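Computed from a prediction, not measured in an experiment: that's the story for all the values here. Numbering of ligands and ligand atoms starts at 1, following listing order.
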Amino acid sequence: MLGLKWLLIVPLVSLSCIDTADILVVSTFPGKSHGILGDGIVRLLLAAGHQVTYITSFPTRKSYPNLTEVDVSHNMELSPINTIKINSILDKEVDPRDVTRHVHVMLNLSNSTYTSENVQKIIMDPLQKFDAVIGEWLFSEMSSGFAALFDCPLIWFSTMEPHWMVTKLIDERLHPAYNPDWTTKHLPPFTFKQRVQELWNQIFMSTFMEYFFVPKEEKIYQAVFGPAMALRGKSLPSYYDMRFNGSLMLGNSHVSLGQATRLPQNYKPIGGCHIDFNFKPLPEDLKKIFDNAEHGVVYFSMGSNLKSKDIPEKLKKDLLEMFGTLKYAVLWKFEEVLSDLPRNVHIVKWAPQLSVLAHPKTIVFITHGGLLSTIETVHFGVPIIGIPVFADQFNNVDRTVKKGFAKRVDLSYTMAHDLKAAIEEIVNNPRYAAKVKELSLIYHDRPVSPGKELVHWVEHVIKTKGAPHLRSPALHVPWYQKMYFDLAALMMAGLLAIKIVLKRLFYSKKRITSLKKNN
Ligand SMILES: *[C@@H]1O[C@H](CO)[C@@H](O)[C@H](O)[C@H]1NC(C)=O
């Protein structure tokens, strides 16, 4: 009897505790916010005791126990953000939301990442082993090749609110009638025109990706992983099979920030996991500014991907002048020293953003509206003014405006005027602060913190060898079957057949009667 008990208990115990796992984290996109998110994930996994190998464009180059950094910082040269200048947006020379442009950048990035010496070292080492690979999804699905190579589960992470391009990897596309594409500004309920546009977006982008992008990336996939698999005496599974074999999707999202999107079982919203609770208090010089700010502090930072020094001189002067007329203190994160500063304006090259947002005297945050910044504002309950510049920022800002804790100001040569109006509105109308405090409550009211949740699900996937029980059956049902087009076709064929038979009968009856008449 004892033997049987042990037979039951031993596998259960070994299933419920993994000591430490070897995890490969792949976050190669050379955008600072992507780096911050990757760093956050790595920090959490290390704290949970795991061994992490981290392919990153932002290596710290310091040595940590348990962490091996794989430096792909040469990717910085390819950053689309470094090639877009604020004046070209002001002059409307580029459309910052042009997706096909991003996609070309992604192909170059895949090439430059996977053929680099440091990454090749891992790939071509037949002794290298991992228990799981966590790869950022950003158009590129190349990191799925690692899962084939190391024969381990694949976990995606997405930096954005859930959208159809990521859900299709683990379940199906989101319905375009009420889920906005990440590039559009539309918010449901859609008008007829918007609904058609959303549908068109999906059809156009799906076609573009499947017939243009994926085949090109597949070539890189085969060139990179084919020889490495051969070295291990195995053959490379098809790119299609690997892309759609993810165990989990970690999403940098939460319902307090986005909309109540219907999601598959293996999508886990972990928005906010990048926020390190151990942030330091304000440094002395900043603390003095806050202490002296009788009417509160306006914090202005356009994030790390848009350099304020690219702002035209005239606009800079206008902004300074306008800030000077405010009774609030203004803390401006800016990369250069300006002369003739008004008394209430303080420029800092770097600001400890979390400590600034956590300070009760911060009354409004002027931001480019990147998703990490919007998450931080909800985390700390600070209303915002969004000046979107790039990619998904337009959508993020519009969503915060619709939620009622933000104003949007567009980048223009005359924006100082609009910005002042927006600041006064946010500060003097209590509804913005009240709304963001309400969302902050929803955001914090989770059974566990996003960081704990992340670690839990990663370990769950490793323990259960890829968590096949979480996978959606929708993944393998073709679209025409979901829409019952096959049934419709069958019914049409049936109706047609009945029509033909009836016609024949009728015709032959008529012939018989006419024959009879003639006789
Ligand atoms: C898909 O993932 C599962 C679980 O990680 C794994 O067992 C399987 O081998 C993978 N399929 C392919 C084609 O690699």
Ignoring hydrogens and geometry, is there a side-chain-to-backbone donor-acceptor pair from [X] to [Y] under 3.5 Å?
| X | Y | result |
| --- | --- | --- |
| Lys268 | Gln265 | yes |
| Glu217 | Glu141 | yes |
| Ser355 | Lys280 | yes |

Worksheet item: Quick one: does ligand 1 sit under 4.0 Å from the side chain of Lys465, the backbone, both or neither, non-hydrogen atoms only?
Response: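 The answer is the backbone of Lys465.
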Practice prompt. Apply ring-ring contact (aromatic ring centres under 6.0 Å, His included) to Tyr480 and Phe485, showing your working.
Written response: CA-CA 5 Å; Tyr480 71 89; Phe485 276 12; 8.1 Å; no
Looking at [atom], what's its closest protein heavy atom, distance included?
| atom | answer |
| --- | --- |
| atom 9 (O) of ligand 1 | Asp151 OD1, 4.4 Å |
| atom 5 (O) of ligand 1 | Pro153 CA, 3.6 Å |
| atom 14 (O) of ligand 1 | Met242 SD, 3.3 Å |
| atom 8 (C) of ligand 1 | Asn245 ND2, 3.8 Å |

Worksheet item: Would you call Lys129 and Asp22 a salt bridge, using N to O less than 4.0 angstrom?
Response: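 Between Asp22 and Lys129 there is no salt bridge, as every charged N stays at least 4.0 Å from the carboxylate O atoms.
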